[in-house]
> 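Before anything else, here's the structure in question.
All of these numbers come straight from a predicted model, not from anything done at the bench. Chain letters run A, B, ... following the sequence lines, proteins first and then strands; every chain starts at 1.
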Protein chains: 2
Amino acid sequence: MGRPRTPLIDRDRIATAALRLVDERGEFSVPEIARELGVRAASLYHHVEGRDAIVELVRERVCEAIDASMFGTLPWDAAVAAWARSYRAAFAAHPRAIPLLMAAPVRAPRVLGQYEAAVGVLLDAGFALRDVMRVIIALENLILGSALDLAAPETMWEPADATATPLLARALAARPEGRTDAAFELTLAACLDRFRALLAETTGAGSPDPAPPGRQAS
Amino acid sequence: MGRPRTPLIDRDRIATAALRLVDERGEFSVPEIARELGVRAASLYHHVEGRDAIVELVRERVCEAIDASMFGTLPWDAAVAAWARSYRAAFAAHPRAIPLLMAAPVRAPRVLGQYEAAVGVLLDAGFALRDVMRVIIALENLILGSALDLAAPETMWEPADATATPLLARALAARPEGRTDAAFELTLAACLDRFRALLAETTGAGSPDPAPPGRQAS
DNA sequence: ACCTGAACACCGTTCAAGT
DNA sequence: ACCTGAACACCGTTCAAGT
């Protein structure tokens, strides 16, 4: 066949096909994507560096929906809360992507940029450098766990014999339908309280480090 | 070769080999396990039902270290806290197994049995059936997230170009070495406070459901 | 009952050959 | 530059053949 006059595929179409496969089946393979695009598997390697790069394209697609514009405009705690809600909504829209994305380290530049902004806001607010990742990771745990809980609970437990675990079976059956926002908000509020206390300790009680807080500290 | 006088392999040895591979490489394949055991891949299918069953063997191995004996002896909150600590320690010992196990639904009977005991304790304490899984899932998020954080942080972010995200790079570098126990304990305490408040609402304010709390409620 | 080799339908990836 | 077919080293799984 040789080179077509206009390229048959591009990174955008690859990302779209991969995300659709993940949404529908929970996973993707390179040949499956190729099939969806009417092309051979080998063709994809002219546009992406390999399977892992496609995972990062999926991550970028899912995370595109996260609004990070509040960093720098809202106070740190309101910004972090708004970011967490938007983050959660983005993942809740693609619950089957969560295990896929959690198993691979974040490399997508645009997503790393969001974490960069979050780190900046927390440093500016006065958090100690050593506490920043802990705060972010705590939020991430809440967000991803809650997104999984919200949209794909049945993927977490699968008793082959429900009679062996009757209480678990009843508890699973009794879970409210989709309304877990209240629980998320409660936990988020608890986390923010904890973060505020951590910040008060850092900025209030003098630290052994004489450098002032903020992102200019060396 | 035909049947050996005494079986060359068994489920126990398969589980051991699989867990060692996961600990060392982060994943396993059926042929790799077979190679470790000096046997052909096809032989494994005489002992396990397939790859997914091996994942469940790994889950059982990791979770064997979880102490669930406090259910039924300690008050619910102390029991849940002790369970969470033991659970976290078990996963922290095999951090690379966490993504593998989170991607597959829990089917291992012994592990399901632990959840069954936890559900029973919470119901006996007076929690509403509809709240029980939320409590357990919240704990699980805390436990697994914290275990990942404790033992495998470098697998979560991997900036190709650290200069593009200088603040993130500094925050990652500034994380304390292994001492995340204090953060875990703080979050666990916050969760327990929230659970106690939930319980007070349930048992204090009369519910529309006339049935008494506890596991006998239909 | 349990191990084996051969086979099947799949992977991810590379590469020379075509335009 | 971009698609292709062929090839490579791998998967997970099945199964008849052996003891």
> Below 4.0 angstrom, N of the basic side chain to O of the carboxylate: do A/R85 and A/E185 qualify?
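Yes, A/R85 and A/E185 are salt-bridged.
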> Both atom distances under 3.5 Å, Watson-Crick or G-U wobble: I'd like the secondary structure of DNA chain C as a dot-bracket string, with | for pairs made across strands.
||.|||||...|||||.||
> Using side-chain heavy atoms (C-beta onward) and a distance below 4.5 Å, is A/F28 in contact with A/I54?
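Yes. Closest side-chain heavy atoms under 4.5 Å.
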> So, applying side-chain contact (heavy atoms from CB on, under 4.5 Å) with A/I9, which one of A/V39, A/I33, A/V48 is it?
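Going through A/V39, A/I33, A/V48 one by one, the side-chain contact (heavy atoms from CB on, under 4.5 Å) with A/I9 is satisfied by A/V39 alone.
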> I need the minimum non-hydrogen distance between A/G113 and B/T165, along with the two atoms involved.
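Smallest heavy-atom distance, with atoms named: N-CG2, 4.4 Å.
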> Would you say B/E56's side chain and B/A108's backbone share a donor-acceptor pair under 3.5 angstrom?
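At least one qualifying donor-acceptor pair exists.
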> Could you list where the contact with chain A starts and ends along DNA chain C, reading 5' to 3', using a 4.0 Å heavy-atom cut-off?
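Footprint of chain A along DNA chain C, 5' to 3': C/dC11 to C/dT19.
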> Return the residues of residues 38-56 of chain B meeting this criterion: a heavy atom under 4.0 Å from some atom of DNA chain C. Order them by number, or give none.
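By residue number: B/V39, B/R40, B/A42, B/S43, B/H46, B/H47.
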> When B/L122 is tested against each of B/I136, B/L129, B/D77, B/D131 for side-chain contact (heavy atoms from CB on, under 4.5 Å), which residue passes?
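Among B/I136, B/L129, B/D77, B/D131, the one that satisfies the side-chain contact (heavy atoms from CB on, under 4.5 Å) with B/L122 is B/I136.
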> Which heavy atom of B/E60 sits nearest to which heavy atom of B/V111, and what is that distance?
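Closest pair (atom of B/E60, atom of B/V111, distance): CA-CG2, 4.4 Å.
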> Only distances under 3.5 Å count here; give the side-chain donor-acceptor pairs of residues 10-24 of chain B to other protein atoms, sequence neighbours excluded, each with its distance to 0.1 Å.
from, atom 1, to, atom 2, distance (Å)
B/D10, OD1, B/D12, N, 3.2
B/D10, OD1, B/R13, N, 2.7
B/R11, NH1, B/H47, O, 3.1
B/D12, OD2, B/R61, NH2, 3.3
B/T16, OG1, B/D12, O, 3.0
B/T16, OG1, B/R61, NH1, 2.8
B/T16, OG1, B/R61, NH2, 3.4
B/R20, NE, B/E36, OE1, 3.3
B/R20, NH2, B/E36, OE1, 2.5
B/D23, OD1, B/H94, ND1, 3.0
B/D23, OD2, B/H94, ND1, 2.9

> Start at the 5' end of DNA chain D and walk down; is the nucleotide closest to B/R35 or to A/I9 reached first?
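Whichever sits nearer the 5' end wins; that is A/I9.
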> For the backbone of A/V30 and the side chain of A/R51, can you confirm whether one donor and one acceptor N or O come within less than 3.5 Å of each other?
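It does not hold such a pair.
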> Less than 4.5 Å apart, any side-chain heavy atom of A/W157 and any of B/M133?
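Sidechains of B/M133 and A/W157: in contact.
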> Listed in order of residue number, which residues of residues 16-32 of chain A have a non-hydrogen atom at under 4.0 Å from DNA chain C?
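Those residues whose heavy atoms fall under 4.0 Å from DNA chain C, taken from residues 16-32 of chain A in numerical order, are A/S29, A/V30, A/P31, A/E32.
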> Just to verify, what does A/W83 make a ring pair (Phe, Tyr, Trp, His ring centres under 6.0 Å) with, not counting sequence neighbours?
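Only A/F71, A/Y87, A/Y115 meet the ring pair (Phe, Tyr, Trp, His ring centres under 6.0 Å) criterion with A/W83.
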> Looking only at non-hydrogen atoms, find the nearest pair between A/A65 and A/S86 and report the distance.
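Heavy atoms only, the tightest pair is O-OG, 3.6 Å.
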